[in-house]
2 protein chains.
Amino acid sequence: MTAQDRPLRRAEIRRERESLILKAAEKVFAEAGFGGATMQLIADMAGLPKANLHYYFATKEDLYRQVVRNIFEIWLHAADSMDGAAGPAEGIGAYIDAKMEISRRHPFGSKVWASEVMHGAPVIQDYLETTLRDWTEGRAQVIQRWIDAGLMAPCDPKHLLYMLWATTQHYADFGHQIETLNGGKPLSDKQWKAAKDGVKAIVLRGIGVL
Amino acid sequence: MTAQDRPLRRAEIRRERESLILKAAEKVFAEAGFGGATMQLIADMAGLPKANLHYYFATKEDLYRQVVRNIFEIWLHAADSMDGAAGPAEGIGAYIDAKMEISRRHPFGSKVWASEVMHGAPVIQDYLETTLRDWTEGRAQVIQRWIDAGLMAPCDPKHLLYMLWATTQHYADFGHQIETLNGGKPLSDKQWKAAKDGVKAIVLRGIGVL
DNA sequence: CTTCAACCTGACCATACGGTCAGGATTGGA
DNA sequence: TCCAATCCTGACCGTATGGTCAGGTTGAAG
């Protein structure tokens, strides 16, 4: 017991605290933007003294950077759904499913990401130019191959990707607007399914695979 | 001359200054967010002393409110393209064209709007609940009528509208990301046309009118 | 038990921000 | 020409914010 727990105790506390702070930060950054967010607000949200945040994250920008990186990771992992798919119907369908699920489960993260990009990507510009660019080129090639093989209607793969990003992330980023237009109530399970199916139906039919 | 110019002079100056300030504010709010924007930055951008801004707009929030309202107006006017259309191909096609044009010509405005909604629409919530809701209901009915008349494939009109908003506004809100993935260069005239045509092709085929 | 590093935090500081205001300049009607 | 209204702004103020730090607490290795 002691022999196994003790060595982990310190590391655990650190991981837990960091995670707690990051979660609170994600929410506050999403709701107030980087400029509108304050360390005090994040501290209150996390139930910790402000000075404690500065113990784990030197500056507000460091904390923000970490939040953005985490989201980027989740974002990229959604790509796995697209890999190893037999064709566009399966691959793109699964990708839409995955991204809609992310919009539902990580709405704050999606907003932070949107905000970061809208402001000119001051902290993740290098990621855009390396990781994201490579990822995009790769997927575009996959789509192009599907087109060449006659598995789907011809289109510019990049614009198709933009469309997928836009439509799926819209449900997170503009969730408040959608909620308002839904009578002030969040989308129910059924409505989320309808949204997902609706997006898939139009996109898949739009690229000629339905 | 004097009789006609003089009475306008004062009003003209006022209109020009207000417009100048609003334009600068739109850009700064778009690039820094409400919280990150400062009156000093806006003043510098407009080439005016900070105190002058406060002469025309009592508070930062007043200025912001005006910026958001202006964008909302432009946004709603795009709806005119959809009105009086014979069918979905014409109506929705024209609406996409109009919204893509707005994304190109008013990228700052689009970002401010996105930011406002993402942060829970603190200053235009009432507009969302009245004007936007009415507008949306109206258009949804038009689309439903097209569906009932067999002019397009069945779908939830609201989700179709969300898709149109998402895809078109994405080119403004995520313009920086698109630019980065375009080799760091803004979309050319040809690329904008390609984007517009690409979106229209997928959406129109997606609702079965191509 | 001792020791040391990691962890924690109340109190504090310099700065930058939104906003104010007194007083000056300009305009235009009488 | 005079005067009142409008326009303009440098200097100023209170506050809130990001960040610091000295000094205390806790955990665990020896």
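Labels below follow one simple rule: chain letters A, B, ... track the order of the sequence lines, proteins then strands, and each chain is numbered from 1.
Below 30°, between 30° and 60°, or above 60°: for B/Tyr171 and B/Trp192 the angle between ring planes is between 30° and 60°, a tilted geometry. Relative ring orientation between B/Tyr162 and B/Trp165 is described as tilted, the plane-to-plane angle lying within the 30° to 60° band. In this structure, A/Trp135 and A/Trp75 have tilted ring planes: the angle between them lies in the 30° to 60° band.
For the residue pair A/Gln141/A/Glu137, the side-chain donor-acceptor check at 3.5 Å is not satisfied. Checked by atom type, the side-chain pair A/Tyr95/A/Arg139 shows no donor-acceptor distance below 3.5 Å. Counted by atom type alone, B/His106 and B/Glu26 present zero donor-acceptor pairs between their side chains at under 3.5 Å. No hydrogens or angles considered: nothing links the side chains of A/Gln66 and A/Asp62 as a donor-acceptor pair under 3.5 Å.
The separation between A/Asn52 atom CG and D/dT20 atom C1' is 15 Å, rounded to whole Å. Going from atom CD1 of A/Ile13 over to atom C1' of D/dA28 covers 12 Å, rounded to whole Å. For A/Leu20 and C/dC8, the CG to P distance is 11 Å, given to the nearest whole Å. Atom CD in B/Glu12 sits roughly 19 Å away from atom P in C/dT26 (whole-Å rounding). Rounded to an integer number of Å, the gap from A/Leu53 CG to D/dT17 C1' is 13 Å. Rounding to whole angstrom units, CD1 of residue A/Ile42 and C1' of D/dA16 are separated by 15 Å. The OH atom of A/Tyr64 sits 14 Å away from the P atom of D/dG18 (whole-angstrom rounding). In this structure, CZ of A/Arg17 is placed 11 Å from P of C/dC7, rounded to the nearest angstrom.
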Return a single string for nucleotides 10-24 of chain C, one symbol per nucleotide in 5' to 3' order, where B is base contact, S is sugar-phosphate-only contact and - is none, cutoff 4.0 angstrom on heavy atoms.
B------SBBB----
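Between B/Tyr55 and the phosphate of D/dC7, there is a side-chain N or O to OP1/OP2 separation shorter than 4.0 Å. Regarding contacts with the backbone of C/dC7, a side-chain N or O of A/Arg14 is found under 4.0 angstrom from either OP1 or OP2.
A/Tyr56 comes within contact range of the sugar-phosphate backbone alone, with a heavy-atom separation under 4.0 Å but no base atom that close.
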